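Let me begin by presenting the structure, written as structure tokens, before commenting on it.
Ligands are counted one by one from 1 in listed order, and the atoms in each one are counted from 1 as well. Values in this document were obtained by computation on a predicted structure and should not be read as measured data. Basis for what follows: all heavy atoms, side chains included, without hydrogens, waters or symmetry-related copies. Throughout, numbering of the chain's residues begins at 1 and tracks the sequence.
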Amino acid sequence: MALGIIILGSTGSIGTQALDVVRRMPDRFRVVGLAAGSNVELLAKQIEEFRPKTASLASDQGARRLKERNFPDLEILTGPNAMEEMVKREDVDLVLNAVVGAAGILPTLAAIRAGKDVALANKETLVAAGSVVMDAVREHNVRLLPVDSEHSAIFQCLQGVGDRDLHKVILTASGGPFRESTKDELERVTVEEALAHPTWNMGGKITIDSATLMNKGLEVIEAHWLFQVPPDRIEVVIHPQSIVHSLVELSDGSVIAQLGVADMRLPIQYALTFPERLSSPVERLSLTEVGRLDFEAPDAERFPCLPLAYEALAAGGTFPTVLNAANEVAVQAFMQGRIGFTDIPRLIEAALEQHQGVMKPDLEDILEADAEGREYLFRMLGV
Ligand SMILES: NC(=O)c1ccc[n+]([C@@H]2O[C@H](COP(=O)([O-])OP(=O)(O)OC[C@H]3O[C@@H](n4cnc5c(N)ncnc54)[C@H](OP(=O)(O)O)[C@@H]3O)[C@@H](O)[C@H]2O)c1
């Protein structure tokens with residue numbers, strides 16, 4: 001029988017690629033629900049094609065416009081709890097969370113608490129609320145399947161490896177568009193330049209995060225929670241070709257890597273069909289065409305977001321929550337042209353410095369720290 005799947009963030013980069021994976025497997029998946037932020041046009045097209053039973057939009061105005069389309073038998077949800085309501089449905093087996101930002105925390109938790117398996121692209125969930133989410137995964141005995149290509153790579157490398165044999169995780173990073181820029185050049189980069197990622201085609205926020213290397217910092221924290229590795233055993237390596245998606249070093253010194261062309265449909269499909277491997281439309285890797293694979297250490301001085309993430313993880317408690325919240329607001333301000341590229345780490349550092357962390361936070365502490373981090377940034381930005 002086909003698995004009932006819900007896709008949160010169906011109109012985004014990951015969401016549309018996930019629907020492409022699902023479209024090719026009609027016997028395996030039945031789309032029960034789709035959730036979007038504000039893109040009514042695309043959501044309506046997806047509803048026409050996949051005929052879900054329920055759909056949600058973050059904006060009330062968007063939901064009203066969707067209702068005017070008169071889709072028969074479609075339940076339309078809106079409001080702050082719409083995604084949480086949707087994921088609890090009885091006919092749902094698997095939830096793919098591809099929403100961007102901390103908006104993904106509560107739906108992820110609602111899905112886990114309702115006993116659903118979760119395929120997680122929304123890394124901000126684990127960065128901001130890792131301890132609470134992992135406790136819930138254990139308590140409700142569900143699967144949390146990584147979609148992020150690096151974490152999928154690690155997950156793939158670890159199949160058949162005992163828990164005690166994982167010594168180190170090595171996350172690769174393309175280095176983004178400013179890998180070779182000087183500090184002075186970084187002060188002057190434009191939004192357009194920052195949005196031109198050399199190897200991946202992604203949503204706006206993660207593309208800016210890749211340019212600052214905060215994306216890798218968020219992934220360090222994500223890896224810590226997913227694979228239970230301490231920060232000093234998570235290494236970041238710049239690998240401009242984006243062919244080696246990440247590696248693990250095992251207790252005997254053996255290093256295992258996962259390679260492939262840069263196409264998110266592969267990690268998405270693996271998360272959705274795990275533990276099975278099925279054929280996919282992804283282009284095959286030709287090592288001779290790629291020719292060479294380069295690796296170098298990241299430059300913490302030019303890209304201070306990466307050490308800030310390590311520091312927040314080491315500080316623990318609600319510090320990563322504030323790091324994430326401050327980053328979301330700073331990235332948005334940069335994309336709106338209100339601050340410069342190098343103001344992003346400066347603002348995040350200031351937010352972390354003023355934060356009085358809560359150790360062993362519960363969900364309420366996390367939501368408070370998230371709000372506090374945002375408010376601090378809004379005050380600094382004068383909005
Ligand atoms: N893109 C990648 O290759 C990639 C790779 C690894 C991990 N990820 C992670 O996957 C997540 C999604 O990234 P993306 O690149 O797909 O982002 P994106 O293209 O910006 O898409 C974000 C999606 O979230 C929806 N959304 C935003 N706010 C929402 C809200 N409050 N309620 C409901 N839906 C909301 C958007 O809806 P509307 O467009 O309708 O407003 C859109 O469908 C991020 O956490 C990112 O870090 C992405």
Short N-O contact, [X] and [Y], less than 4.0 angstrom:
{"X": "Lys123", "Y": "Glu219", "result": "yes"}
{"X": "Lys45", "Y": "Glu48", "result": "no"}
{"X": "Glu41", "Y": "Arg69", "result": "yes"}
{"X": "Glu124", "Y": "Lys205", "result": "yes"}

N/O pairs closer than 3.5 Å, ligand 1 and protein:
unit_1, atom_1, unit_2, atom_2, d
ligand 1, 1 (N), Ser13, OG, 3.1
ligand 1, 10 (O), Ala121, O, 3.4
ligand 1, 15 (O), Gly203, N, 2.9
ligand 1, 16 (O), Ser13, N, 3.2
ligand 1, 16 (O), Ile14, N, 2.9
ligand 1, 19 (O), Ser13, N, 2.9
ligand 1, 34 (N), Gly37, N, 3.4
ligand 1, 37 (O), Thr11, OG1, 3.2
ligand 1, 37 (O), Gly37, N, 2.8
ligand 1, 39 (O), Thr11, OG1, 3.3
ligand 1, 40 (O), Thr11, OG1, 2.7
ligand 1, 40 (O), Gly37, N, 3.1
ligand 1, 40 (O), Ser38, N, 3.0
ligand 1, 40 (O), Asn39, N, 2.8
ligand 1, 41 (O), Ser38, N, 3.0
ligand 1, 41 (O), Ser38, OG, 3.2
ligand 1, 43 (O), Gly9, O, 3.2
ligand 1, 43 (O), Thr11, N, 3.3
ligand 1, 43 (O), Thr11, OG1, 2.7
ligand 1, 43 (O), Gly12, N, 3.0
ligand 1, 45 (O), Glu124, OE1, 2.7

Tabulate below the donor-acceptor pairs under 3.5 Å that side-chain atoms of residues 109-120 make, not counting sequence neighbours, or state none.
unit_1, atom_1, unit_2, atom_2, d
Lys116, NZ, Arg89, O, 2.8
Lys116, NZ, Val92, O, 3.0
Asp117, OD1, Arg143, N, 2.8

(request) First locate atom CD of Glu372, then atom NE2 of His355, and finally report the distance between them rounded to the nearest 0.5 Å. (result) 5.5 Å
